[in-house]
J.: 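Dropping a structure here in structure tokens format, bear with me for questions.
Along the sequence shown, residues carry numbers from 1.
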Amino acid sequence: MNKKDNNTGEDRVENIFTNESLPALFADSFRELDLKWNKVEGVNFEILGRVLSCHLIIEHYLTVFIELEISSRLNLDKLRLTFSQKLKLIEDNQALKEEGIIKGIEILNRIRNKFSHNLKVKIDEKDIEYLKKVVDKIYKKEGKEVDNKIYSDVAIIEIFTSMTCAFIAGYLTYSVQRLKELQKILDVINEKTGRTK
């Protein structure tokens, strides 16, 4: 797909890979020195990109959650934790567990992992059904009407991602506000008792 470059007025190449131009993959028989290749066809770049984007967004929220809830002294970039390790660090959080968010994030990670091993993976209907149940449960709890529209699998993943991020953001906002209130109380106590920080 080409577009006009605003700066030069010339055609600019937007992407290289199409389903016709993807590099071939090694066939399993290649390991036995049989020089065969598998042509890659039927990759839906939009679905792949949208699922990977959801995964990355949730990972960002997990990272901040861990830093605020477990220890602000952790430098997760230096620790280089995997997504699964980050999820393990928060799996005992009752609020996330109770809403089904932890299991939903595990499902999203499993879907993403399937894509990393097979570009043409079909998303499991049971996984999507679980994510939809989590979304519906949270909607009902908030007193919102459950939307009966028919959504694609990726749209369900995106709704789950948005809801998960909103839930984590609300949870952390409340936690930060409580910590600030507790710090004010501690400051008053320290001031009255003559203690310094």
J.: Begin from the C-alpha positions of Ile101 and Phe167 and carry the test side chain to side chain contact (heavy atoms under 4.5 Å, CB included) through to its verdict.
T.: CA-CA 9 Å; Ile101 290 173; Phe167 191 90; 3.5 Å; yes

J.: Does the side chain to side chain contact (heavy atoms under 4.5 Å, CB included) test come out yes or no for Leu68 and Ser175, once each step is laid out?
T.: CA-CA 9 Å; Leu68 289 174; Ser175 294; over 6 Å; no

J.: Using 4.0 Å as the upper bound for N to carboxylate O, is an ion pair formed by Glu59 and Arg112?
T.: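 A salt bridge is absent here (no side-chain N lies under 4.0 Å from a carboxylate O).
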
J.: Give, for atom CG of Asp136 and atom CD of Glu129, the distance between the pair rounded to the nearest 0.5 Å.
T.: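 Reported value, rounded in 0.5 Å steps: 8.5 Å.
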
J.: Please report the closest heavy-atom contact between Arg50 and Ala155, naming both atoms and the distance.
T.: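 Heavy atoms only, the tightest pair is NH2-N, 4.2 Å.
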
J.: Carefully, step by step, assess Glu181 and Lys184 under the rule salt bridge (Lys or Arg N to Asp or Glu O under 4.0 Å).
T.: CA-CA 5 Å; Glu181 290 170 13; Lys184 284 180 187 176; over 6 Å; no

J.: Consider only side-chain heavy atoms of I, L, V, M, F, W and Y, link residues closer than 4.5 Å, and tell whether Leu56 and Ile156 are in one cluster.
T.: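 As far as the 4.5 Å side-chain criterion goes, Ile156 and Leu56 are not connected within one cluster.
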
J.: Does NZ or CZ of Lys132 fall inside the cone over Tyr151's six-membered ring, less than 6.0 Å from its centre and within 45° of the axis?
T.: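 The answer is no; the distance or angle limit is not met.
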
J.: Near Glu125 CD, under 6.0 Å, is it more than 12 heavy atoms from other residues, nucleotides or ligands?
T.: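 For Glu125, atom CD is not crowded (no more than 12 foreign heavy atoms under 6.0 Å).
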
J.: Assess whether side chain to side chain contact (heavy atoms under 4.5 Å, CB included) is satisfied between Ile157 and Ile123, documenting all intermediate values.
T.: CA-CA 10 Å; Ile157 291 170; Ile123 299 172; 3.9 Å; yes

J.: Out of curiosity, does Leu89 fall in the hydrophobic cluster containing Val64 (side-chain heavy atoms, cut-off under 4.5 Å, transitive links)?
T.: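 Yes, it is one cluster - the side chains of Val64 and Leu89 are joined through contacts under 4.5 Å.
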
J.: Before giving the answer on salt bridge (Lys or Arg N to Asp or Glu O under 4.0 Å), spell out for Lys88 and Glu91 the whole-Å C-alpha distance, their side-chain angles and the decisive distance to 0.1 Å.
T.: CA-CA 5 Å; Lys88 284 278 183 212; Glu91 73 182 356; 3.6 Å; yes

